[in-house]
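Note that the structure is a prediction, hence the values are computed from the model and not measured. Just so it is clear, the values below take in all heavy atoms, side chains as well, and ignore hydrogens, waters and symmetry mates. The chains referred to below are lettered A, B, ... by the order of the sequence lines, with proteins before strands, and numbering in each begins at 1.
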Number of protein chains: 2
Amino acid sequence: MAASTLTEVARLAGVSPATASRVLNGSARKPGKDIAERVRQAADSLGYIPNAQAQGLAKSSSGLIGLIVHDIADPYFAAIARGVQEAAREQRRMVLLATTGGAPGEEKEAVAAFAARRADSIVIAGSRSSRAEDGDQNAELAAELDRYCRNGGQVAVVGHPVVGAAAPEGYHVVSVPNQELAAKLAVELAAGWDGDFVIIGGPEGLFTSDDRIRGFQEGLSRAGRGPAEVLRSSFNRSGGYDAGLKLAARIKAGGTGQSGRPAGNGLGIFAVNDVMAIGAAAALRTEGLRIPRDARIAGFDDIETLRDFRPALSTVSLPLEEIGRLATRATAPPTADGDEQDYAPLPVTGKVMLRRSTETAD
Amino acid sequence: MAASTLTEVARLAGVSPATASRVLNGSARKPGKDIAERVRQAADSLGYIPNAQAQGLAKSSSGLIGLIVHDIADPYFAAIARGVQEAAREQRRMVLLATTGGAPGEEKEAVAAFAARRADSIVIAGSRSSRAEDGDQNAELAAELDRYCRNGGQVAVVGHPVVGAAAPEGYHVVSVPNQELAAKLAVELAAGWDGDFVIIGGPEGLFTSDDRIRGFQEGLSRAGRGPAEVLRSSFNRSGGYDAGLKLAARIKAGGTGQSGRPAGNGLGIFAVNDVMAIGAAAALRTEGLRIPRDARIAGFDDIETLRDFRPALSTVSLPLEEIGRLATRATAPPTADGDEQDYAPLPVTGKVMLRRSTETAD
DNA sequence: AACAAGTGGGAATGCGCTTTCCCAATCAGG
DNA sequence: CCTGATTGGGAAAGCGCATTCCCACTTGTT
């Protein structure tokens, strides 16, 4: 028994498929009350479920929205995904998920796959990279997105625009003030701690990471401090852990900081995201160091699952879920009532959260 | 410029659409080398992307796999989702995401939506509930799934079968030995602690929760202990927190001295999942109690993000990602080479992890 | 009472693709 | 050199639905 079709329903109700279509799937023309009723009965006596593929083919639009993330198990992306999902539901659309590990090549393929499925819009949540080695693939990604938009697709990118993407109609950016917020964090941290700072960053070229590093340095300078040393490492917990081990060794050596000043009273560590910060903290702890006594540490994102971590992690709170919602809404088809989609970047704000992990002991 | 079609490609290459289709989209019949080359060139000079909807319609199969979870931002589901995503990629399929908050009504709708999109298979990750008030909707869910399977769909359920679902062909269950593992945990905990146990459970009727509670009680009895009291609360962090507050009060009431050290020697707490356990721990801490000194606490799932929590949480490690993969693979179309899909439940094993949070002080 | 405008339903077309089915050309064997 | 078996390409029929016409019929107007 194959799923029943509109035609079968129509036949059962004794009407034409056209009429059945009109009553079952919102059309401008509303058939007469009695007929409508008959069709509806026939439909659910048959357990009719419209074939979305056929519908999509017929009206060329699928009710699908594609979401691209690096890793759905990363709480950062998971939070954004929740927002996207929520907004999608509001718009009665479904979300198609693609994970790419951050490789632009994979992202390009994901875009193509979404295009193939005629997704109405695409939300790209992962941070883009500007590394030279990714240049070609980035270009391909941009080209693919471009084509997608030209064919009427809507795209929203979280954070940075895709490198080299022209900005055709339908291309939206939800920009996150990573740099500003990192600067603010630096300023506030510098106010409470006069030792050296070290930054644990992601691989060079990752926009999110680079912005946060740049912002932090800027904040330091604003506070009259010299630039902090930057340790590069992978953009996840184990990256943070590795960097943490190195720093632990340094702290225990009690040597001199990069500035040449004694680093006897520990270090101020800024990890470009919470997950890395937690990794670093774990490493320090493993090495017998205590936070914030031996090292103050701050992260970025304010991941919910990590809020119960002790000592409570200083960080920058970002409305991740809201960001997902905003991105999704930005791609919504123009609402009927004389709307005004603003194609300008949408405003997102964050908040510096100073907590236990950066308190000065005394 | 609308996306280009197969017909356009065919025309450019000077062949029939049939031939173009055969070379571009894997068909049994392979056209001649030279012609194939011409078609392929035409295709990518036009930037041709096959319309998956049309393909789906024509061969009635969509390359889609539907995933149903309660909340994608919950690390438990996120981990499973990662496994599903991974397996889907292996099979060159895409995943459609639906979140339901655990309501059977929503789940039924999600199944219908997947069916409408002609998803080849559905993976249901959320725990089902058997509460009376959900009875009707559960029945509807079961009916919907039944119909879906009868129409050739494959479904895999993680944990428990859907209540009332017959087991038609195409219905798979990845069973998780929640009860056994909880029993084992209880036995091991009881070996190291001779005080009272309390269980923080989810709402009554939630299978996962109930199984774990039952198992834990069973383990206690196996260890010669009486059954533990069960505190019901919501199946998330805040549920754990609330329960934690109550228990904190109780522990403190049990105490006399100003030392803060409760008389008696505290409580052994088992929360039915890690997230709840963390919530409970946070509550205890808020109330000035210390773990494991004033209360030993254990969770379930071994959520990765929570592994850096201190004191390290005793728990039961579950191969969440693997579970997602297994479920997805169970729904894979029979492989060509004389396969033998076993429709029997797949084996999943877990492991009791005793860590700091349940260590006895001395 | 006669005609224009409006209503409500059906026939037919097409969305983009896959897949029989059919036919011409090639091939092997005698 | 002829015949039956193959091969390789094209024509055409859907897949399930939305939608544009078109037509029969009911209303509303001088």
Side-chain angles (χ1 to χ4, degrees), chain A residues 1-40 42-43 46-64 112 115-120 151-152, chain B residues 1-40 42-43 46-64 112 115-120 151-152:
Chain A
M1 154 196 169
S4 50
T5 76
L6 224 211
T7 312
E8 290 171 21
V9 173
R11 194 177 327 139
L12 210 184
V15 302
S16 78
T19 304
S21 168
R22 292 198 260 256
V23 18
L24 292 179
N25 311 81
S27 158
R29 285 180 54 175
K30 294 290 170 198
K33 269 286 176 194
D34 46 345
I35 273 208
E37 188 50 31
R38 228 169 49 214
V39 170
R40 237 177 298 265
L46 251 47
Y48 170 71
I49 296 184
N51 184 327
Q53 307 213 76
Q55 289 188 152
L57 183 53
K59 42 183 183 187
S60 60
S61 109
S62 59
L64 251 28
R117 298 231 136 72
R118 295 302 184 266
D120 299 331
N151 287 347
Chain B
M1 155 199 169
S4 50
T5 76
L6 224 210
T7 313
E8 289 171 22
V9 172
R11 195 179 324 140
L12 211 185
V15 302
S16 78
T19 304
S21 168
R22 291 198 261 254
V23 20
L24 292 179
N25 312 79
S27 156
R29 284 180 53 173
K30 294 290 171 198
K33 271 284 176 194
D34 46 343
I35 274 210
E37 188 50 29
R38 232 172 45 218
V39 170
R40 239 178 296 266
L46 251 48
Y48 170 71
I49 296 184
N51 184 327
Q53 308 214 76
Q55 289 188 151
L57 219 213
K59 44 183 183 188
S60 60
S61 113
S62 58
L64 251 29
R117 299 228 133 75
R118 296 301 183 266
D120 299 331
N151 288 346

Atom pair CD1/CG of B:Ile49 and B:Leu6 - distance to nearest 0.5 Å: 13.0 Å
Taking OP1 and OP2 of D:dA18, is either one under 4.0 Å from a side-chain nitrogen or oxygen of A:Gln55? yes
Remember a base hit wins even if backbone is also touched, and classify A:Thr5 as base, sugar-phosphate or nothing at under 4.0 Å, heavy atoms. sugar-phosphate
Length of the CD1-C1' vector between A:Ile49 and D:dC17, whole Å: 15 Å
Take B:Leu57 and A:Asn51, measure what side chain to side chain contact (heavy atoms under 4.5 Å, CB included) needs, and give me the verdict at the end. CA-CA 9 Å; B:Leu57 219 213; A:Asn51 184 327; 4.3 Å; yes
In whole angstroms, how far is the C1' atom of D:dC15 from the CG atom of B:Leu57? 5 Å
Has B:Ser16 got a side-chain N or O lying under 4.0 Å from the OP1 or OP2 atom of D:dG9? no
Test for a donor-acceptor pair under 3.5 Å between the base of D:dG8 and the side chain of B:Arg22, counting only N and O atoms. no
Side-chain heavy-atom pair A:Ser61, A:Arg118 within 4.5 angstrom cut-off: no
When you get a sec, tell me which of D:dG14, D:dA12, D:dC17 is the closest nucleotide to the side chain of A:Tyr48? D:dC17
Could you tell me the separation between the NZ atom of A:Lys33 and the C1' atom of C:dG9, rounded to a whole number of Å? 18 Å
Rounded to whole Å, the CZ-C1' distance (A:Arg11 to D:dC17) equals 15 Å
Within less than 4.0 Å of OP1 or OP2 of C:dG9, is there a side-chain N or O belonging to A:Thr19? no
I want to check something: taking the side chain as every heavy atom from C-beta on, are A:Gln53 and B:Ser62 in contact at a cut-off of under 4.5 Å? yes
Rounded to whole Å, CD of B:Gln53 lies from C1' of C:dT18 at a distance of 16 Å
Of all the choices, D:dG9, C:dG16, D:dG10, which nucleotide is nearest to the side chain of B:Ile35 once you look at every atom? D:dG9
Separation of atom CZ in A:Arg38 from atom P in C:dG8, rounded to whole Å: 15 Å
Using every non-hydrogen atom in the two residues, find where B:Tyr48 and B:Thr5 come nearest and quote the distance to one decimal. CE1-C, 3.6 Å
What nucleic acid atoms does A:Pro50 come within less than 4.0 Å of, heavy atoms only: base, sugar-phosphate, or nothing? sugar-phosphate
Round to the nearest Å and state the distance from B:Asn151 atom CG to D:dC15 atom P. 16 Å
Report yes if a side-chain nitrogen or oxygen of B:Asn25 is closer than 4.0 Å to either non-bridging phosphate oxygen (OP1 or OP2) of C:dC17; otherwise report no. no
Among C:dA11, D:dC15, D:dC17, which nucleotide has an atom closest to any side-chain atom of A:Ala18? C:dA11
B:Leu6 CG to D:dG10 C1', in whole Å, measures 14 Å
